[in-house]
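I have placed the structure first, in the form of structure tokens, so that the comments after it can refer back to it.
Start at 1 and go down the list; that is how both ligands and their atoms are numbered. Computed from a predicted model, the values in this text were never measured in an experiment.
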Amino acid sequence: MSGLILAIETSCDETAVAVVEEGRRIVANVVASQVALHADTGGIVPEVAARAHLRWMLPVLEEARSRASIERWAGLEAIAVTEGPGLAGSLLVGITMAKSLAWVTDLPLVPVNHLEGHIYAAWLHDRGEPAPHEPEFPLVAMVVSGGHTFLVEMRHHLDYRLLGQTVDDAAGEAFDKVGRMLGLTYPGGPAIMRAASGATRRDRRFPRAWLGDSDDFSFSGLKTAARRAVNAELGQSEGGREEPEGGRLPQESVAELAWAFQDSVVEVLATKTLRAAERSQARTIVLGGGVAANAVLRQRLADGAAARGIPLVVPRPALCTDNAAMIGAAAWHRLQAGARAGTDLDARPSLKLVV
Ligand code: KG4
Ligand code: ZN
């Protein structure tokens, strides 16, 4: 058995194919990003995303095959694909490709939950590089992406207990919306991080939603506070429902507001994760999802985890944002557990990690 899984991920706006060995070693990892395509509309238009997947699916597959030096598909052990959650039209492109490949090769087809993939990115490393610290159970994992924000406890592989989740917006969604208010480019997360790093005044304070001792999150109040602050800077009525035109703000104000917003999100995310890890007596903290690419969040969690003596595993930024290697990592454990999809595999746009 080769231990090689070919994984496909098309749930949102990245067309991605990877080859991963035994759930850990990345043999090839190709991602075609649609970011530039969606920048004009300031967000994703689902049909545009689906058509872009259709355009790039085969070239990305071919590139991954060439980088992995796979001459015959038979060298693989399974085909894995994201079945959800995500945009239906986008998911269907990857699922159709994976089904066709499994059908012509007679290889098992393994369906993977995208959110499980974000957690399993913590096990990945490049083939040929030394393996990093392997996450140990029990662990606490926080996933912070464009569509999801939650904390889970894992006592074994593929075993999740939900500790808390957002009651309104996902953290990445808040970054994207506030980025738009500030007149920054899509996606808002990296743009806010860049703008915030240029702030000279760092004394503005936006609210933090602690929600008592719970492990739940809320970002809608923070979004409202940001909208009020932008409107106040622009001299508009605070009750205005219109999205403010952040493009008219002076650069220094944008930087200050970006800093204050990021400071609030990062403090809440890091504090709640560390608190949950202590309570669960976690032997590792895992961080994943696009917002985990944020350097300030990574640093804050690294400091907090080090102070408590808990090892922290955060994948490199390119493995935090959407990619197919993470799907291949999770698929390895699903394959061992006997997960198989038939030719009736369908997209599951609202799939949950824990029901
Ligand atoms: O996991 P991901 O690539 O896609 C989803 O599954 O949603 O996450 C995308 C999200 C976007 O909201 C984006 O703004 C955010 O991750 N993001 C960041 C950073 N890089 C990406 N947020 C904060 N700081 C970053 N550096
Ligand atoms: Zn994602």
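- Taking the six-membered ring for Trp and thresholds of 30 and 60 degrees, F261 and F175 have ring planes more than 60 degrees apart, a perpendicular arrangement.
- When the N, O or S atoms of H118 are ranked by distance to the Zn ion (ligand 2), NE2 comes first.
- The minimum distance between the Zn ion (ligand 2) and any N, O or S atom of D322 involves atom OD1.
- W259 does not carry R201 over the face of its six-membered ring by the limits of under 6.0 Å from the centre and within 45° of the normal.
- At a 4.0 Å cut-off, not a single heavy atom of C12 sits close enough to ligand 1 to count as contact.
- Note: W123 and H157 have tilted aromatic rings, judged against thresholds of 30 and 60 degrees for the angle between ring planes.
- Among all non-hydrogen protein atoms, the one lying nearest atom 24 (N) of ligand 1 is N294 ND2, 3.0 Å.
- Below 4.0 Å from some heavy atom of P187 lie the following atoms of ligand 1, by number and element: 14 (O).
- Residue H114 touches ligand 1 through its side chain alone, judged by heavy-atom distances below 4.0 Å.
- Considering backbone and side-chain atoms together, F175 places no N or O closer than 3.5 Å to any N or O of ligand 1.
- A side-chain donor from one of S11 and H114 sits under 3.5 Å from a side-chain acceptor of the other.
- Nearest to atom 17 (N) of ligand 1 among the protein's heavy atoms is G290 O, 3.5 Å.
- For the residues P317, C320, G189, A171, the heavy atom positioned nearest atom 18 (C) of ligand 1 is part of G189.
- With respect to E278 and R275, no salt bridge is recorded, no charged nitrogen being found less than 4.0 Å from a carboxylate O.
- Given atom 2 (P) of ligand 1, the protein heavy atom at minimum distance is D322 OD1, 3.3 Å.
- Set against the non-hydrogen atoms of D176, the atoms of ligand 1 under 4.0 Å away are 11 (C), 12 (O), 13 (C), 14 (O).
- Atoms of ligand 1 lying under 4.0 Å from any heavy atom of G147, numbered from 1 in the order shown and given with element: 7 (O).
- Here C12 fails the criterion, with no N, O or S atom under 2.8 Å of the Zn ion (ligand 2).
- Ring geometry for H148 versus F150: interplanar angle over 60°, hence perpendicular rather than tilted (30 to 60°).
- Relative orientation of the H38 and Y186 rings is perpendicular, given thresholds of 30° and 60° on the angle between their planes.
- Against a heavy-atom cut-off of under 4.0 Å, M193 is close to the following atoms of ligand 1: 26 (N).
- H53 and C12 get closest at one heavy-atom pair: NE2-O, 2.8 Å.
- Side-chain N/O atoms of E9 and T82 include a donor and acceptor closer than 3.5 Å.
- For ligand 1, one of its N or O atoms has an N or O atom of G172 under 3.5 Å away.
- Taking 2.8 Å as the threshold, H148 does not count as a candidate ligand of the Zn ion (ligand 2), since none of its N, O or S atoms lies below it.
- Contacts between T321 and ligand 1, counted as non-hydrogen atom pairs separated by less than 4.0 Å, involve both the backbone and the side chain.
- Under 4.0 Å from ligand 1, the heavy atoms of H118 that appear belong solely to its side chain.
- Using a 4.0 Å cut-off between charged nitrogen and carboxylate oxygen, E129 and R316 do not count as a salt-bridge pair.
- Donor-acceptor pairing under 3.5 Å is lacking for the side chains of D169 and S220.
- For the Zn ion (ligand 2), the nearest N, O or S atom contributed by H114 is named NE2.
- Among A295, G146, G188, the residue whose heavy atom lies nearest to atom 10 (C) of ligand 1 is G146.
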Could you walk me through whether L107 and L101 satisfy the side chain to side chain contact (heavy atoms under 4.5 Å, CB included) test, starting with their C-alpha distance in whole Å, then the side-chain angles of each, then the deciding distance to 0.1 Å, before giving a yes or no? CA-CA 8 Å; L107 286 167; L101 274 175; over 6 Å; no
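- For ligand 1, the atoms sitting less than 4.0 Å from at least one non-hydrogen atom of A293 are 20 (N), 26 (N), numbered in the order shown with element in parentheses.
- A salt bridge links D263 to R208: at least one charged side-chain nitrogen sits closer than 4.0 Å to a carboxylate oxygen.
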